[in-house]
Amino acid sequence: MPAILQLVYASRATFRENTSNQGIEPEVSRILMQSRQNNPRSGIVGALYYGDGHFFQCLEGAPDAVRETVDRIRRDRRHEEVRVLREQSLDTPGFGEWSMKYVPAAVDVRQLLQRFGQRRFDPFAFDNDRIDAMLDLLRHGRDTAHAEPERPAPASPQDAARRTNRLLFGVGLIAVAILAGVIGAAAYLLLAT
């Protein structure tokens with residue numbers, strides 16, 4: 001058994017794409033969050049691309065962990081027609097730094113598709129050359145601004161004081177609004193009697 005298994009799969013999204021959102025499609029964002037939480041526990045790294053209603057994902061890690069993850073994806077209601085495009089052993093992971101890299105490089109992907117004579121992103125039609133080109137694009141492309149979860153910088157005493165002041169100001173505004181409501185209700189009752 002190989003020490004590192006690379007498994008590349010394609011699937012169709014079952015959800016209707018939310019095109020009004022300017023950022024990442026909300027379901028894809030949820031998948032990324034789950035992957036970035038679960039994959040480190042399983043020792044899995046990889047990359048994901050979503051476009052034209054299709055997922056293209058590369059998973060790398062211990063063979064059992066990768067296969068269990070793909071089985072879980074097959075049961076996920078957001079995916080249908082999960083098809084393994086490639087399964088091979090590696091000496092070193094290609095996405096070693098990423099629990100799940102997401103490259104929304106639509107322009108780069110469109111150029112890659114044009115190079116291969118494709119108009120739409122359909123990874124089910126990918127041969128080995130297209131898989132290699134897509135993996136290379138994902139490996140070298142820039143991850144989203146919401147890449148790996150950012151660690152907040154330690155708060156300085158001044159930052160903590162500003163946050164506390166903003167919180168107290170907000171609580172004060174709420175208290176004033178409540179007090180104004182109570183005074184208004186009392187005035188109404190006095191005038192009504």
Side-chain angles (χ1 to χ4, degrees), residues 2 4-36 38-39 42 44-61 63 65-148:
I4 298 171
L5 174 67
Q6 179 191 71
L7 188 145
V8 178
Y9 79 87
S11 68
R12 292 188 207 289
T14 59
F15 52 85
R16 191 168 175 186
E17 191 169 339
N18 181 350
T19 54
S20 65
N21 189 355
Q22 293 295 337
I24 299 174
E25 202 291 327
E27 284 296 330
V28 175
S29 182
R30 283 188 272 283
I31 288 169
L32 281 170
M33 272 193 340
Q34 290 169 339
S35 296
R36 289 172 177 174
N38 296 335
N39 288 353
S42 301
I44 292 176
V45 296
L48 173 70
Y49 180 79
Y50 172 79
D52 294 331
H54 292 88
F55 289 100
F56 176 92
Q57 186 169 26
C58 175
L59 300 169
E60 298 174 346
V66 169
R67 288 190 181 103
E68 286 170 18
T69 301
V70 171
D71 287 343
R72 192 171 49 252
I73 291 166
R74 287 182 197 279
R75 294 187 303 271
D76 188 319
R77 62 174 174 71
R78 298 168 292 195
H79 297 269
E80 64 183 8
E81 297 181 53
V82 176
R83 183 185 310 159
V84 173
L85 303 176
R86 174 186 288 169
E87 208 172 317
Q88 67 183 8
S89 60
L90 299 175
D91 294 329
T92 58
F95 297 95
E97 299 173 18
W98 299 96
S99 61
M100 189 47 57
K101 185 175 184 181
Y102 181 73
V103 180
V107 172
D108 294 339
V109 172
R110 295 285 173 223
Q111 290 172 351
L112 180 128
L113 295 176
Q114 284 177 355
R115 196 172 89 209
F116 287 105
Q118 277 185 259
R119 293 174 55 105
R120 292 182 46 80
F121 183 71
D122 180 5
F124 291 109
F126 282 12
D127 59 14
N128 277 329
D129 289 340
R130 293 174 202 192
I131 292 169
D132 287 339
M134 189 67 190
L135 289 175
D136 199 42
L137 186 150
L138 292 175
R139 214 173 277 115
H140 300 294
R142 234 182 72 178
D143 190 70
T144 63
H146 305 291
E148 295 296 305

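Throughout, residue positions are numbered sequentially from 1 according to the sequence presented.
The side-chain heavy atoms of V109 and M134, taken from C-beta on, include a pair separated by under 4.5 Å. Two residues are said to be in side-chain contact when any heavy atoms from C-beta on lie closer than 4.5 Å; L135 and F56 meet this criterion.
L85 and A10 get closest at one heavy-atom pair: CD1-CB, 3.8 Å. The nearest pair of heavy atoms linking F55 to L48 is CD2-CD1, 3.7 Å. Across all their heavy atoms, I44 and T69 have their closest contact at CD1-OG1, 2.9 Å. Among all heavy-atom pairs drawn from R78 and E27, the shortest one is CD-OE1, 2.8 Å. What you find for Y9 and V82 is that their closest heavy atoms are CD1-CG1, 3.9 Å. Nearest heavy-atom pair across R139 and G94 is CG-O, 3.6 Å.
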Would you mind writing out the side-chain donor-acceptor pairs for residues 115-129 within the sub-3.5 Å range, not counting sequence neighbours?
from: Q118; atom 1: OE1; to: R130; atom 2: NH1; distance (Å): 2.9
from: Q118; atom 1: NE2; to: R120; atom 2: O; distance (Å): 3.4
from: D122; atom 1: OD1; to: F124; atom 2: N; distance (Å): 3.1
from: D127; atom 1: OD1; to: D129; atom 2: N; distance (Å): 3.2
from: D127; atom 1: OD1; to: R130; atom 2: N; distance (Å): 2.9
from: N128; atom 1: OD1; to: R86; atom 2: NH2; distance (Å): 3.2

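M100 contributes atom CE, which lies 8.0 Å from atom SG of C58 (distance to the nearest 0.5 angstrom). Within the model, atoms CD of E60 and CH2 of W98 stand 13.5 Å from one another, a figure rounded to the nearest 0.5 Å. With rounding to the nearest 0.5 Å, the separation of CD1 in I73 from CG in D71 is 9.5 Å. Atom CD1 of I4 sits about 9.5 Å away from atom OG of S89, to the nearest 0.5 Å.
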For this session: Take F15 and V28 through the side chain to side chain contact (heavy atoms under 4.5 Å, CB included) test and state the conclusion after the steps.
Result: CA-CA 10 Å; F15 52 85; V28 175; 4.1 Å; yes
For this session: In sequence, state the C-alpha distance, the side-chain angles, and the governing distance for I31 and H79, and then conclude on side chain to side chain contact (heavy atoms under 4.5 Å, CB included).
Result: CA-CA 11 Å; I31 288 169; H79 297 269; 3.9 Å; yes
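Counting only distance, with no hydrogens or angles, the side chain of Q57 and the backbone of G46 share no donor-acceptor pair below 3.5 Å. In terms of modelled atom types and a separation under 3.5 Å, the side chain of D52 and the main chain of H54 share no donor-acceptor contact. The closest donor-acceptor contact from the side chain of T14 to the backbone of E80 lies at 3.5 Å or more, if one exists at all.
Take R74 and apply the salt bridge (charged side-chain N to carboxylate O under 4.0 Å, His left out) test, not counting sequence neighbours, and it matches no residue. Evaluation of the side-chain hydrogen bond (donor to acceptor under 3.5 Å, both in side chains) rule for E87 yields R67 as partners, not counting sequence neighbours.
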